[in-house]
Amino acid sequence: MKKKSGLNNLKQLVYVLAIISTIVYIVYRIGFTLPVDLGITCMIFALIVLGFEIWESLDFFVYYLNILSVNAETPEIPKVENKNLYPDVDVFVATLNENESLLRKTLVACQNMVYPDKSKIHIYLCDDGNRKNMQNLAEELGVGYITRLNNKDAKAGNYNNALKKTCSPLVATFDADMAPTPNFLMTTVPFFIKKEKVGFVQLPQSFENPDIYQLRFGLSNKIPFEQEYFYHRIQLAKNATNSTIYCGTNAVISREALDTTNGFALSTISEDIATGMLIEENGYRGIALDNVEAYGQAVDDLTAYAKQHSRWARGCVQILKKYKIMGRNKLSFRQKLEYLSCISYWFFGIKRIIYLIAPLLFSLFGLIIVDCDLKMFIAFWLPAYLIKRFALDKLEKNKRSSTWTKIYETIQAPVMCKEVAKEFLGFGSTKFEVTPKNKWSKKMTKTNKNMLLVHFTLLMLSIVAFGMSITRIAGSGINVYILPIIWLCSNIFYLGISVFFDLRVRPVYFESFTPNKIKKYKKYTLLAMFGTIGKKKFE
């Protein structure tokens with residue numbers, strides 16, 4: 001016990017050192033590196049880059065306060081001896097245009113869920129497509145069928161319509177492709193029986209097939225799912241601040257809690273996050289568990305993936321603009337910080353594009369955005385960078401990886417930068433689009449081509465800038481160009497991997513895929529993707 005306590009103290013010490021070194025670096029950047037005498041153009045670009053560095057640092061402080069500094073163990077499932085205490089549960093399976101075979105699998109899985117009294121489980125196919133074949137499927141399987149004549153308010157409107165026609169005290173929600181395991185209800189419902197004012201219990205999303213990164217890199221059994229760290233670390237830590245994110249599927253919600261929010265939140269395409277926030281605002285607890293008790297279909301098509309993630313991002317921006325989080329008096333300060341951090345994350349596309357362009361400004365156009373003495377800069381920047389990276393990677397036991405985070409962000413940057421900027425400036429839409437599954441294209445789609453164009457253009461510019469910087473060292477000295485050279489090398493690395501990803505249009509060879517087999521990032525795993533070149537087998 002003492003050993004564990006000592007280890008925790010060491011971790012906290014490293015985290016605090018990371019914060020202190022980051023603060024010192026930012027103070028140095030503000031006070032001693034701005035090109036105040038080099039013209040308005042240099043100053044504007046310098047302030048933009050510095051602004052994102054400060055934003056990133058503040059995000060790390062919030063991340064430490066609400067995530068790294070708290071216990072992230074999964075709550076223990078309460079024991080309920082009296083089986084009569086288990087209440088009725090309405091199970092909502094939402095659909096708009098998904099195919100019948102997919103929904104059949106999910107509905108049958110719902111029917112196979114274990115419960116003390118299975119007559120208390122009421123399954124409903126909530127069809128927002130008003131399709132006859134879906135009604136026939138529901139009748140064939142003996143489950144309820146709920147539909148409506150329009151699609152107003154999308155998924156939230158669909159669920160609110162179903163709430164009006166049902167009455168159980170608990171509501172379980174599943175996306176069309178998310179099939180629960182038999183133990184799903186026995187894992188979640190006990191919390192509502194044994195604990196007071198539980199608003200919802202959220203379980204992780206997991207998938208039966210590789211995600212798009214595992215597929216295109218050929219690393220299906222070598223790297224974790226992209227969302228692994230969020231569900232199995234970040235979500236668990238959010239229990240301490242009651243800021244757990246409701247993710248729209250794989251969850252059970254209290255109808256009483258929903259009554260306080262007038263049902264599912266409207267006017268945003270991220271109705272799930274908004275609904276969870278409003279429930280927690282009203283004094284109910286959101287609980288996240290580590291237990292994987294439902295499996296779905298990971299998106300394996302780049303266009304569909306881009307639409308899915310841009311929808312999540314646009315929905316968060318809509319929440320930011322509509323709900324005025326800092327002005328919500330019922331949310332605690334830490335809850336506000338956590339939800340703001342959740343939303344600000346989705347601006348990573350803009351941040352990443354800025355970081356990719358920044359060194360080009362100096363190497364290609366001579367614009368100085370960091371005006372400093374090289375030795376002084378390294379003395380302030382390097383300790384902050386190394387300690388922070390060590391804190392995020394090693395102390396998290398490689399469950400997350402700074403390198404892979406930047407790979408994911410660089411790949412998505414062209415789409416996310418555009419979509420988030422449009423939404424923030426008021427050119428977005430609340431139109432909801434279902435993410436297609438198992439519809440990967442054998443040809444390069446328009447989205448794929450656009451991403452490749454941006455990545456390849458920035459890669460070529462970075463290579464040219466690198467070459468120009470090298471040739472100028474003889475005349476100006478290495479001190480002038482060493483920083484942009486290092487920055488350009490980093491950008492070339494991530495852009496090169498992004499181009500590699502863009503060109504892997506067809507799913508790459510994999511066999512015997514095991515969901516959740518890999519939960520950590522290992523050294524040199526990235527090199528393994530080059531061993532899949534030329535392999536086209538897909539099982």
Side-chain angles (χ1 to χ4, degrees), residues 45-46 48-49 52-53 56 212-213 216-219 223 302 348-370 372 374 377-378 381-382 384-386 388-389 392-393 401-418 444 448-505 521 523-533:
F45 284 114
I48 291 173
V49 173
F52 276 99
E53 287 190 81
E56 197 171 31
I212 195 165
Y213 296 104
R216 288 204 168 197
F217 287 133
L219 302 176
I223 59 174
L302 185 56
F348 71 79
I350 299 175
K351 177 188 71 175
R352 191 56 51 198
I353 291 294
I354 293 296
Y355 286 171
L356 291 171
I357 292 175
L360 301 178
L361 298 175
F362 175 71
S363 296
L364 295 181
F365 307 108
L367 295 176
I368 297 175
I369 58 175
V370 180
C372 65
L374 176 64
F377 183 86
I378 291 176
W381 168 77
L382 191 59
Y385 173 79
L386 292 178
K388 183 178 176 181
R389 179 148 187 161
L392 292 177
D393 289 359
S401 164
S402 297
T403 298
W404 275 99
T405 297
K406 289 181 181 178
I407 289 173
Y408 297 148
E409 290 183 355
T410 305
I411 288 172
Q412 297 179 59
V415 172
M416 302 303 285
C417 178
K418 174 185 174 183
M444 189 171 288
N448 202 154
K449 291 177 181 177
N450 290 339
M451 291 174 66
L452 175 59
L453 177 62
V454 175
H455 289 141
F456 185 75
T457 300
L458 288 173
L459 175 61
M460 290 298 101
L461 288 173
S462 297
I463 291 174
V464 170
F466 176 81
M468 291 175 64
S469 297
I470 293 293
T471 59
R472 290 171 179 170
I473 287 177
S476 302
I478 192 170
N479 286 354
V480 176
Y481 285 96
I482 187 63
L483 288 180
I485 285 174
I486 293 173
W487 199 341
L488 287 166
C489 284
S490 175
N491 287 351
I492 289 170
F493 172 75
Y494 291 112
L495 287 168
I497 292 175
S498 298
V499 169
F500 182 89
F501 174 90
D502 295 334
L503 294 173
R504 304 297 288 272
V505 179
Y521 290 94
K523 288 183 177 180
Y524 314 119
T525 302
L526 195 60
L527 297 176
M529 71 181 185
F530 296 107
T532 65
I533 296 176

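For this chain, numbers begin at 1 and follow the sequence in order.
- Scanning both residues, I492 and L459, for their nearest heavy atoms gives O-CD1, 3.8 Å.
- A 4.5 Å side-chain heavy-atom check between P414 and N450 finds every atom pair outside the cut-off.
- Closest approach of R216 and N448 over heavy atoms only: NH2-OD1, 3.1 Å.
- Within 6.0 Å of CZ in F456 there are 12 or fewer heavy atoms belonging to other residues, nucleotides or ligands.
- Checking side-chain atoms of T471 against main-chain N and O of M468 turns up a donor-acceptor pair under 3.5 Å.
- For the pair M444/L503, a side-chain contact is recorded, criterion being any heavy-atom separation below 4.5 Å from C-beta on.
- V499 and L452 get closest at one heavy-atom pair: CG1-CD1, 4.0 Å.
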- request: For the pair L302 and F501, evaluate side chain to side chain contact (heavy atoms under 4.5 Å, CB included) and give the outcome as yes or no after the intermediate values.
  value: CA-CA 10 Å; L302 185 56; F501 174 90; 3.8 Å; yes
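- Rounded to the nearest 0.5 angstrom, I463 CD1 and L488 CG are separated by 10.5 Å.
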message: The test is side chain to side chain contact (heavy atoms under 4.5 Å, CB included); show your working for L367 and F362 and say whether it passes.
response: CA-CA 4 Å; L367 295 176; F362 175 71; 5.8 Å; no
task: Verify side chain to side chain contact (heavy atoms under 4.5 Å, CB included) between L219 and Y213, making sure each step is shown before the conclusion.
output: CA-CA 8 Å; L219 302 176; Y213 296 104; over 6 Å; no
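- Taken from CD1 in I497 to CD1 in I407, the straight-line distance is 4.0 Å, to the nearest 0.5 Å.
- At least one side-chain heavy atom of E409 sits under 4.5 Å from a side-chain heavy atom of K351.
- Side-chain contact annotation: R389 with T403, donor-acceptor N/O pair under 3.5 Å present.
- In this model, no donor atom of one side chain and acceptor atom of the other lie less than 3.5 Å apart for T410 and S498.
- Atom CZ of F217 and atom CG of L526 lie 7.0 Å apart (nearest 0.5 Å).
- Using a distance-only test at 3.5 Å, with no hydrogens or angles considered, no donor-acceptor pair links the side chain of W487 to the main chain of I482.
- Annotation for Y355: atom OH counts as buried by contact number, over 12 foreign heavy atoms lying within 6.0 Å.
- Heavy atoms only, all atoms of each residue included: L453 and T457 are closest at O-OG1, 2.7 Å.
- Distance check, rounded to the nearest 0.5 Å: OH of Y481 to CD1 of I486 gives 15.0 Å.
- Of all the heavy atoms in D502 and H455, the pair that sits closest is OD2-ND1, 2.6 Å.
- Between Y408 and W404, the angle of the ring planes lies from 30° to 60°, which puts this pair in the tilted group.
- Taken to the nearest 0.5 Å, the CZ atom of F348 stands 10.5 Å off from the CD1 atom of I353.
- The closest side-chain heavy-atom distance from R352 to K406 is below 4.5 Å.
- The heavy-atom pair separating P359 from P484 by the smallest distance is CB-O, 4.4 Å.
- Contact of the I470 side chain with the F466 side chain is registered, since non-hydrogen atoms from C-beta on lie closer than 4.5 Å.
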message: Show, in sequence, the C-alpha distance, side-chain angles and deciding distance for I473 and I485, and conclude whether the side chain to side chain contact (heavy atoms under 4.5 Å, CB included) test is met.
response: CA-CA 10 Å; I473 287 177; I485 285 174; 3.6 Å; yes
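- The CD1 atom of I48 lies 9.5 Å from the CD1 atom of I357; values are rounded to the nearest 0.5 Å.
- Checked by atom type, the side-chain pair N491/S462 shows no donor-acceptor distance below 3.5 Å.
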